[in-house]
Amino acid sequence: MKRLFDQMKGRMRLLRACAATGLVVSALLAPAPVFAAVSEETAFVFNTLLFLIGGFLVMWMAAGFCMLEAGLVRSKNVADICLKNISLYSIAGIMYYLIGYRLMYDGVDGGFMGAIGFWSPDDSAALAETGDFSAGYAAASDWFFQMVFVATAASIVSGTMAERVKLVPFLIFTALLTGIIYPIQGAWHWGGGWLSEMGFADFAGSTLVHSVGGWAALTGAIILGARLGKYDAHGRPRAMPGSSLPLATLGTFVLWFGWFGFNGASQLALGSAADSIAISQIFANTNMAAAGGVVTALILTRIIYKKVDLTMSLNGALAGLVAITAEPLTPSIGQAIIIGSIGSALVVFAIPFIDRLKIDDVVGAISVHLVGGIWGTLAVPLTNGDASFLTQLIGVVAIGAFVIVLSTIFWLILKYSIGIRLDEEAETIGSDIAELGLEAYPEFGGGSHKYRGT
Amino acid sequence: MKRLFDQMKGRMRLLRACAATGLVVSALLAPAPVFAAVSEETAFVFNTLLFLIGGFLVMWMAAGFCMLEAGLVRSKNVADICLKNISLYSIAGIMYYLIGYRLMYDGVDGGFMGAIGFWSPDDSAALAETGDFSAGYAAASDWFFQMVFVATAASIVSGTMAERVKLVPFLIFTALLTGIIYPIQGAWHWGGGWLSEMGFADFAGSTLVHSVGGWAALTGAIILGARLGKYDAHGRPRAMPGSSLPLATLGTFVLWFGWFGFNGASQLALGSAADSIAISQIFANTNMAAAGGVVTALILTRIIYKKVDLTMSLNGALAGLVAITAEPLTPSIGQAIIIGSIGSALVVFAIPFIDRLKIDDVVGAISVHLVGGIWGTLAVPLTNGDASFLTQLIGVVAIGAFVIVLSTIFWLILKYSIGIRLDEEAETIGSDIAELGLEAYPEFGGGSHKYRGT
Amino acid sequence: MKRLFDQMKGRMRLLRACAATGLVVSALLAPAPVFAAVSEETAFVFNTLLFLIGGFLVMWMAAGFCMLEAGLVRSKNVADICLKNISLYSIAGIMYYLIGYRLMYDGVDGGFMGAIGFWSPDDSAALAETGDFSAGYAAASDWFFQMVFVATAASIVSGTMAERVKLVPFLIFTALLTGIIYPIQGAWHWGGGWLSEMGFADFAGSTLVHSVGGWAALTGAIILGARLGKYDAHGRPRAMPGSSLPLATLGTFVLWFGWFGFNGASQLALGSAADSIAISQIFANTNMAAAGGVVTALILTRIIYKKVDLTMSLNGALAGLVAITAEPLTPSIGQAIIIGSIGSALVVFAIPFIDRLKIDDVVGAISVHLVGGIWGTLAVPLTNGDASFLTQLIGVVAIGAFVIVLSTIFWLILKYSIGIRLDEEAETIGSDIAELGLEAYPEFGGGSHKYRGT
Amino acid sequence: MKMIIAIIRPSRLEAVKDSLSAIGVEGMTVSEVQGYGRQKGHTEIYRGAEYAISFVPKIKIETVVREAQMESAIEEIKKAAQTGKMGDGKIFVLPVEFAMRIRTEDSNEAAL
Amino acid sequence: MKMIIAIIRPSRLEAVKDSLSAIGVEGMTVSEVQGYGRQKGHTEIYRGAEYAISFVPKIKIETVVREAQMESAIEEIKKAAQTGKMGDGKIFVLPVEFAMRIRTEDSNEAAL
Amino acid sequence: MKMIIAIIRPSRLEAVKDSLSAIGVEGMTVSEVQGYGRQKGHTEIYRGAEYAISFVPKIKIETVVREAQMESAIEEIKKAAQTGKMGDGKIFVLPVEFAMRIRTEDSNEAAL
Ligand SMILES: Nc1ncnc2c1ncn2[C@@H]1O[C@H](COP(=O)(O)OP(=O)(O)O)[C@@H](O)[C@H]1O
Ligand SMILES: Nc1ncnc2c1ncn2[C@@H]1O[C@H](COP(=O)(O)OP(=O)(O)O)[C@@H](O)[C@H]1O
Ligand SMILES: Nc1ncnc2c1ncn2[C@@H]1O[C@H](COP(=O)(O)OP(=O)(O)O)[C@@H](O)[C@H]1O
């Protein structure tokens, strides 16, 4: 079984410029001086190491989302968003273990989903006396790397729906998103399902991770409604500045840093010179797409609003990162800058636009992850000859439709059962006091503790 | 001499499922296709790289402790705790260089402690013309990795004793802890001393690092006494909420992130497929124990206190991490979740319990690191057939007794010589002003600087 | 062409104890058991991996500078400094791509600068059928690693000139610094130019990166003038404490963490046991120089000012790091502690001294990076027999003169064209409101939003 | 002239400001305060220990008005601030003997 | 009615609140202020430069009381706030002409 | 005794404090407030949405002085706080009926 879905993944990987196993094998068969090559076991270790490094970098992105969101919500909701972020990361891992991973990767075989059940690693071939390293990497390293991706998708939702969604239904939705929605659509492409058969190309998840989070957030935001006071009597959006821009900036830097793991380790192999060259290009492109995003947002907000907007620039960096994620390997550095810049420009316009549609997205996550993700996915054929625009569009639409339908069903069930929205009083005093019974900064501006001498 | 303690370590390592040197050697002797294996020098580089990556990840945990503690103390003590954290990390390294490392690893040989003296690396074998790579890794990489562990133990103490202990005696105790207490008990197991001969099993330091810090903190907290105002007239504990929950959350994420290095690189070798498989399992288990810890704390605080408690959930994550540290390799993922969850549940009850004993632990470090560490150590036999419950208990008790006795002596000497506690006025105005003459947030709530136009 | 500058770099590298290519080659030629060695392709992967890991660690330093500076400026300038930091990192990358990298490395050949033009990677040799791995690493991995260094130099300037320099001229200067000043002087040594021919030794950039940033900052600070209110009627400096010491501490920890990449990966190769041993020594020395810096600042400020100064201790850590950067490999750990301690002591005296000269350096960057960098560069001959004091001095002076002249020209042009300083009113209300139209902490101490119930 | 001091709920500030402004009260000074009264604070549990919040965040508005404006100002504040639940706050009136606009040195009623 | 304004040390707030409450003063409004007086601030050294802290953090309590309660309220505040060291603070009494409870529209003494 | 309440620009605090101190006013209490008046706040754009800042940060100084000192104190505050631009602030004078120094229990003028 394991073999089977490894084949699946193998097939996908072959779409990429430098397929790991492929190269190792060819190195073995080639007449080239044998000594020069990477040994099979060494390649196995390299590939595993790549997943582990990539995995801890992406895990760290959970902290980035947490800080970004904590900085962009108002003080009265900061503790609550921190709790949501650490909880969703935890729940995502547990759900992915319980059902997600196998649903996504086990026996999809060109179809729509995999098997149901717990996951456990099987490295017996590599551990056998006559070590067979053709699996290419340790099973748990791959699991770890895939798991942290799920959490990323869930993080996107918390930011959009902050300040008014109730904790428990939010966490239940997180479990459904990470245990069911994400793995099923993930199976379609990365699991070797029908989209992968069609030739859909999404290297590290502009669509599979970011848009998925974005669609779920969009659906949730519409069903949940805007925050109290977000729109004035004339329906014009009112700005509700976040509590701490340095925390938001820190969060953005954390995400940027983690993204090297996100995109770089999505090469899925490090065990050959060709793979290491590919990953190097991915690192450079990932960085430069974000850089392009920052500079574009800087210039555009200066032109449009007369003042440079810091939070838009942060969103611009993230938009650049999301945009390059679908194809971080084939663009040249110059192309990467352009792809990131366009992503950022789209976000600069999308944020006020979505705001005016009365969809209240607290941190701009829909614009960044959904708009940026769609753009990135559709841009793949520009630099990657193997991808077709039509297939890309089919993938975007199919996954979008699937996520919207399931999210709508789940949110509506939650809404009409336990309710998803804080009541007016709770929202007014803030989710921190209402849900957690404490404040994020208990000494400032509230509570009596600052005054106590002790 | 170096050879000797390498042997010692080798002996310990053999207890683990996949011993690095062992495997490399067997790969060399095995009739398996030679080309497939990892070359000796490559393994040497891999092992060294593992220590370096693990080392920088664990070093980063120092920042995690700092942020966690800065977030959980009151504003008037934030700068002081930042200073303590960066200082203790520095002092730990210097002491470990001056006497700790050799005391722990040099010629312990089944006994109670090693040699006295500075440490310096000797890689002459590997650097010789006819490179002999059997040492397995660069000496300084091992030193670096061991050194950052010492700092972790010291970080635990600062959190518990915050807000009232004087700076200088605290730093002196840190030097004694990291130069004497930690290395001696460390010699017993990791240095190849008597506990290791007995078969005690503590993979990455639930007991050797976390409980040691916890015992020292406990002893210190009792001798130091509670903060002013911590207990009301009726002896009931009063909550003293920390200054910044987002910083505390950030700190927890940093620790979680760094823990991949803490546990993962404690495999001590990456130079074979078997090692890389082991490390992958460790990564997954480490993550999932923490995830289990978060979810358990979430549910328990909701049930017991009606409100979800963010700081308890953060402590729950850490409790899960501490609990899995004694044996992150042999459990399955499901078992790891359970081990972490039980650790977290213990902490949720231990925190108010210790509070009621009038032991004032500002950040909950005793509960997390001591209670969690004992649980983790005793749980090893549940998944690792080579460990025995009795031996684990002997290890826990022996090390506990040793740390308590030495800590008591050191704290009492400090108390009756230079004094360990801030006077009442200093504690009231806060250690920042009293010890450092400045404030952590000089513009808020104090000082005149916010008012100045300039 | 690529070959040519690789040779250049090769030449420099040979000055170091363990040259990567050299060793790999010798391993190949040596009569030693062939199987024991690292294969060429494996070394290629290792070297590339080193650049990638080093690169992401140094990239993360951008976040460190940002947090350090955000913590040390006053609240009214926090958002502005965050924007400057994320922008300068982005601009540095783009400029280095557009002209910097080739100006620094392409065909310098003992001269003063390289070629002009965009950079693009050429890995054709390694990717060819008969893979030729003699380039040693993936081109883009090297580019990525060099690029993050440029950003570091630019980060230094933002801290010194904070709170009063206008955004746009600052960003233009950043582009000039990273596109022209840095690459040209970098070509002299790392690019294989005249200084490298002379035998100048600067392992990871005490002079090439830190002093360059420091000189540019010094020039800028003098031309820009001090902040309003920085000096009282009698010309005595007034302290202007920063907004958040925990953020400043976090930033210092981030920098410390990232410095392992900065110095460690400057070994430029990991593909042999000798390289891995060298990097291990570098890690240990880097850490211990910083530790020495902290403890020295702690003790000195306690003696001189009676109170331990947290921000000086943070600066002390950084001074230790800067000082060891010129030669992190040849010192023993004890020597590294001393080099770091002296660096820190110099900074403890330099900060008030520069202050009294009426050069207003908001975060102490001139003292840390320039004074620390000069000290570190001049200290190389103490532990590295291949370096000469005179050559070191020539390097320091030549690069200093070059940077001062160009920076002066650029700053003066900016001053007399678009102006570089905020007007008095803008400076008084703060650069956040004046330049960005928002506040870093909009709910505290300003704005009406905290009062709004919604 | 009288100084009207109103202690109100933070969420009512915008409404009070707007209605005062509507009747021509052109200046006021606002601060954040903590109130103690019938609306009791509450006891929370934090890490298993009790945590008494005895003060409630309030807003204090101070505005000096002409005698003639006083009645209507009080009325407007009351209307805008009232929710009917405990904790709506208080209005106090204190005598003012002198007022000056610093910029113009106008005195008394001309200064408001 | 009188408004008692007491400037006290932050560490005495709980004690003052409790003793006022004990004699039936049921409402008060508290704010954070910075005081300047005989208790001088101090000069610190920060990064080698002087740093004058001229203001000292204090708490201001405002409570409007019935004439009859005034004496005892002052007495209680004084007892609870006194430490005998410089910087204990001041008590001021100002006349109040009108009071209203916003919730019920009760006036004057009924409003307190 | 009179309580002088001055609402001034934050940037003028040091100057006002120094000049009051120069004429022998030895105590004052300062707080951060938000002002609403002719100096209007402004409208910013944040993430493409409007962001009205209707209040302007100000400093409130409260100082209780002897009748005799009042005139000169007002004069000093005015001089030190005036910039001539809108938003310079206001000075109000309120009667004080009683004062006490908590530390010594000195009353009235002796308490200042
Ligand atoms: N006597 C008083 N003096 C000063 N402020 C008071 C007084 N009584 C109440 N307040 C203020 O008014 C607020 C509301 O009063 P409270 O008694 O809680 O509710 P209500 O006004 O609805 O009866 C209190 O929080 C406090 O700030
Ligand atoms: N004349 C005054 N007007 C207003 N507040 C004052 C006055 N004098 C003192 N205060 C306030 O009282 C506080 C304590 O006064 P201070 O002179 O330092 O000590 P003490 O009251 O013990 O003599 C000051 O910090 C200030 O807030
Ligand atoms: N009637 C008033 N009552 C209380 N405070 C006032 C009053 N009028 C103005 N203020 C305060 O004085 C500040 C300055 O007033 P403003 O009208 O803006 O400028 P100016 O004093 O120059 O005419 C306001 O921000 C407010 O804090």
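Just so it is clear, the model here is predicted, and its values are computed rather than measured. Labels below follow one simple rule: chain letters A, B, ... track the order of the sequence lines, proteins then strands, and each chain is numbered from 1.
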For K307(B) and T301(B), what are the C-alpha separation, side-chain angles and deciding distance, and is it a side-chain contact (heavy atoms from CB on, under 4.5 Å)?
-> CA-CA 6 Å; K307(B) 303 236 172 176; T301(B) 55; over 6 Å; no

Side-chain heavy atoms of [X] within contact of [Y], under 4.5 Å:
X: R74(B); Y: R227(B); value: yes
X: L245(B); Y: C82(A); value: no
X: F46(A); Y: S272(A); value: no
X: M147(A); Y: Y101(A); value: no

side-chain contact (heavy atoms from CB on, under 4.5 Å) test vs E69(A) passes for just one of V362(A), I81(A), L247(A), namely I81(A)

Toward chain B, the part of [X] with a non-hydrogen atom under 4.5 Å:
X: L250(A); value: side chain
X: V168(A); value: side chain
X: I433(A); value: backbone
X: W143(A); value: side chain
X: L438(A); value: side chain
X: A92(A); value: neither

With chain B, which of [options] has the greatest number of heavy-atom pairs at distances under 4.5 Å?
options: S244(A), A79(A), A126(A), S120(A); result: A79(A)
options: A70(A), S90(A), G93(A); result: S90(A)
options: V78(A), I86(A), T48(A); result: I86(A)
options: A440(A), A138(A), S141(A); result: A440(A)

Is [X] in contact with chain A via its backbone, its side chain, both, or neither, using a 4.5 Å heavy-atom distance?
X: L50(B); value: neither
X: L310(B); value: both
X: W60(B); value: side chain
X: F257(B); value: both
X: I53(B); value: side chain
X: S313(B); value: side chain
X: F260(B); value: side chain
X: I277(B); value: both

Non-hydrogen atoms of L270(B) and I279(B) that approach each other most closely | CD1-CD1, 3.9 Å

On a heavy-atom basis, the closest approach of A140(A) and P121(A) is N-CB, 4.3 Å

When the ring centroid of W256(B) is compared with that of Y89(A), is the distance short of 6.0 Å?
-> yes

Name the one of F149(A), F56(A), F145(A), F144(A) that satisfies ring pair (Phe, Tyr, Trp, His ring centres under 6.0 Å) with F51(A)?
-> F145(A)

Side chain of N287(B), backbone of F283(B): donor and acceptor closer than 3.5 Å?
-> no

